[in-house]
Amino acid sequence: MSELVGRAVDRVDGRAKVTGGARYAADNPVPGALQGFLVGSTIARGEITGIDTSAARAHPGVVAVYTHRDMPRLTAPPFPYLKGFIPLQDTRIHHSGQPVALVLAETVEQAHEAAALVEVSYRAEQPKAVIEDALDEVYLPAPFRDRPNEIVRGAGEAALAGAEVRFEADYSSPTHHHNPIEPHATTAVWEGDRLTLHETAQGVNLTRGTVAAALGLPPQNVRVISPYLGGGFGAKGPLWPHTILTAAAARLVGRPVKLVLSRAQMFTSNGHRAQFRQNLRLGATRRGVLTAIVDTSTAQLSRTDEAIFNRSDSAHLLYACPNVHIRHRGVRLDVATSSYMRSPETTAHFGLETALDELSYELGLDPLELRLRNYTEVNPETGQRYTGKHLDACYRMAAEAFGWARRNPRPGSTKDGEEYVGWGMATETHSHGAMPATAAVSVDAEGRVLLRIATQDIGTGTYTVISQVAADALGMPLDRITARIGDTALPEAGLSAASATVASVTGPVHRAATAVRDAVVAKAVADRRSPLFGLSPERVVTEHGHLFAADDRRRRDSYRDVVARGGQPVEATGSVPNTPGHSFGAVFLEVRVHARYGSVRVTRVVTAHDLGRVLNRRTARGQVIGGVNWGIGYALMEHTVLDRRTARVVNPSLSSYLVPVCADAPSVETLFVDRPDPGSTALGAKGFGETPITGVPAAIGNAVFHATGRRVRDLPITQDKLL
Amino acid sequence: MTDDPHPTRRAHKRRTVLKGSAVAAGAAAVPPLAATASAEAAIASTVDITLSVNGRDHDISLEPRVTLLDALRDRLGLTGAKKGCDRGECGACTVLVDGERIKSCTTLAVMRQGSRITTVEGLADGDRLHPVQQAFIRHDAFQCGGCTSGQIMSAVACIQEGHAGSEAEIRDWMSGNLCRCACYQNIVAAVGDAAREMRR
């Protein structure tokens, strides 16, 4: 084994990405393609009473303008299509920005201008946009994907009533939007009744299935291609209407159609993290042992959908508490459909990790010590031990590197110039998925390896990690491996979402590559022309593209020669199931709060994580720093503002929806436990991408409290809340 | 349109404003912003221009309202520069014009005739990557790559401007380019490293 796995290997797609050579969905030139642009509803609730498309149709270059009057009937497909309806099918308006017309023109400029010429009249009804305006309409929705919204372990209320110490607080966070730098894009090309989509998709196979269902096609008639994705963060996991509408319009007009959402449309077209309110009640002994967690939350839902994505998984599973009662409630509002957004469990976790900090002050305990007193390596729901949980090591490593023991717990105890300095910590955890996948690996007569699997690289490093895994299993240099992903023509794999990619594809790639290695070794030892002829296969090692006799390195053959003598490529497929699980970590950080301006800067961060075996330190670190910066945005700036009167997004742009910039990014020391999880078939690795945000918002809030004595329970922590 | 805050009113679209200024810049005898039939006809007509991109002259015919970004991507097939927002906020479309970094979505192609335009495709010297490109790979200064072309072009200019003297300076002067994967720490390291190398 050359042991590429585990090393900080450069990304194999690096050259393509730094030279502009990587072709993303909107970069593919499709001859003869029309440019599509959607017209969105300006009201949030009501009916379309008329649409005048004459001016738009008369605009130079415009080929068609479609509305509900002329679009074919389409079927709202099942998960992962999250909307209960498809637009352009009737006159009902369910949210602002809902597509009401689709313009097709020869150029982008013509399509955009013509879209502005479509005149729509409405009968508007008064919408509701925020939870606060519909508190008497809160209810407990039906289970989503078989996951109930009420979870009971023991007797939460009774235990709370009898607790030595009780703590209660309300926490809240606003709507967030994913805002990948690459907007959603789709290009639909029909050949007869076969459709090819160049698509921004986090899951090519699920997109294929849902598009086929919407259009009434057999799935095998649809090919979805997404070799590079300019960020997804969950926004490109589900299928959204614009893809279905574009495909249907392309069929209707008889030409390929390309459609790219505008940044403003990205605030109503592709899901969001729902506005969220949470009441948390904790019961504990005076020593700080949790006896009850009662967690009652309310999420913003749409009129057509009631799925809840921001679940209280950590209240359920993270600490050893015998009495837990969780209710995920919702309220229907006249807003667009919410969805998964990077680390959905963060939303409720912010409340829990803030409440524990508050409880630690009530008890006079160090917040880290409080967490250790409730530590468990047993899944409190199943009673079974985690196959690998080294959160205690994470606490220890990060606390030591940060210097946590030196902390004076008194709020406001440290001032440096005009800034108050505060230290805060929180636990990090997120679930990860595992989805069925098959990989195919082949070696040709030139000794080149082709690795094929219909997974995706959404920036997390899939190309690189699967190439490392295949190279190691084969005993090949990394540069001999070509990975092809993001195409339904390849062996099937699942979504790149729910931190599931590494957990799902590593085992299949390893198995397929190992099978090819074994087949090539078997051919060599059975071939009189091979210097390895007659050896037992177990006595052969493979390294750097060569096959060696283990005890006599002068006897050697090569992949190239063995395959060339055989006359045809050696190929194998592999499929290995894995189980979902959790990864863990701890974050310790420092903030500085300006005494007069109330501005908060995060100035130093130390993290330690347990993700099982670390397959690539570089890409793993990338997930951590990305997660920390997302946590900073979450805690301090991100906020989609909905106008309560019109239910429209007030700030649908990147100059008014603030995300962290380079100047906001502090130094981050990233530590890893790096112990394989024996329960994982992914070479001991666990899914990880979403874990390193989860604790950051609470750690920042806790540090702000430590700095100033001000507890902000309503995110984001903006200056006005500290002045 | 979803970016229209006044549903009952026909708003000035950015395109409308650009269209007006483009016509004015082109010295056509049409009053800016006049939504008349003659203005529409003028807009629908194209102009022939020459753009000098990555050391090569390209003769293209386009509407005056076409942004430099759309000209590069849709007319010249140079899709390295990305359209992240189309309004100068994200920086994914950053290119060099006469050595200065600009957001190519907020300038019209017709305004850039006679300028030297450099895109990320023109940065490497044959197979040899530019020091900034090399540093981005070495420091893992990208994930999805959606912002990377813009970050790299911005970094080249940032270094040439003399704004890469310290980490704090790099953070400030690279803050016009958003990275939603949020690789900022690695971007700062890459820019600093490339700056040291280029000063040698």
Name the region of [X], side chain, backbone, both or neither, that has any atom closer than 4.5 Å to a heavy atom of chain B.
{"X": "A:Tyr463", "value": "neither"}
{"X": "A:Thr646", "value": "neither"}
{"X": "A:Pro99", "value": "neither"}
{"X": "A:Ile458", "value": "backbone"}
{"X": "A:Pro660", "value": "both"}

Can you see whether [X] engages [Y] through a side-chain donor-acceptor pair at a distance of less than 3.5 angstrom?
{"X": "B:Ser154", "Y": "B:Arg101", "result": "yes"}
{"X": "A:Glu109", "Y": "A:Gln35", "result": "no"}
{"X": "B:Thr119", "Y": "B:Asn54", "result": "yes"}

Below 4.5 Å from any heavy atom of chain A, which atoms of [X] appear? Answer side chain, backbone, both or neither.
{"X": "B:Ala124", "answer": "neither"}
{"X": "B:Leu123", "answer": "neither"}
{"X": "B:Asn177", "answer": "neither"}

At a heavy-atom distance under 4.5 Å, which candidate from [options] has the highest pair count against chain B?
{"options": "A:Pro666, A:Ala16, A:Gly232", "answer": "A:Pro666"}
{"options": "A:Arg15, A:Met266, A:Arg23, A:Glu182", "answer": "A:Arg15"}
{"options": "A:Gly231, A:Ala8, A:Ala665, A:Ser121", "answer": "A:Ala665"}
{"options": "A:Phe233, A:Tyr228, A:Tyr122, A:Phe267", "answer": "A:Phe233"}
{"options": "A:Gly20, A:Cys662, A:Gly459, A:Gly230", "answer": "A:Cys662"}

What's the verdict on side chain to side chain donor-acceptor pair (under 3.5 Å) for B:Glu169 and B:Ser166, showing C-alpha distance, side-chain angles and the deciding distance? CA-CA 5 Å; B:Glu169 198 179 25; B:Ser166 68; 4.6 Å; no
Could you work out, with ring pair (Phe, Tyr, Trp, His ring centres under 6.0 Å) as the rule, every residue matching B:Tyr184, not counting sequence neighbours?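 So B:Tyr184 forms no ring pair (Phe, Tyr, Trp, His ring centres under 6.0 Å) with any residue.
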When B:Gln133 is tested against each of B:Val120, B:Val156, B:Thr148 for side-chain contact (heavy atoms from CB on, under 4.5 Å), which residue passes?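 That would be B:Val120.
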Strictly distance-based, threshold 3.5 Å: is any side-chain N or O of B:Arg180 a donor or acceptor partner for the main-chain N or O of A:Val659?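 Absent.
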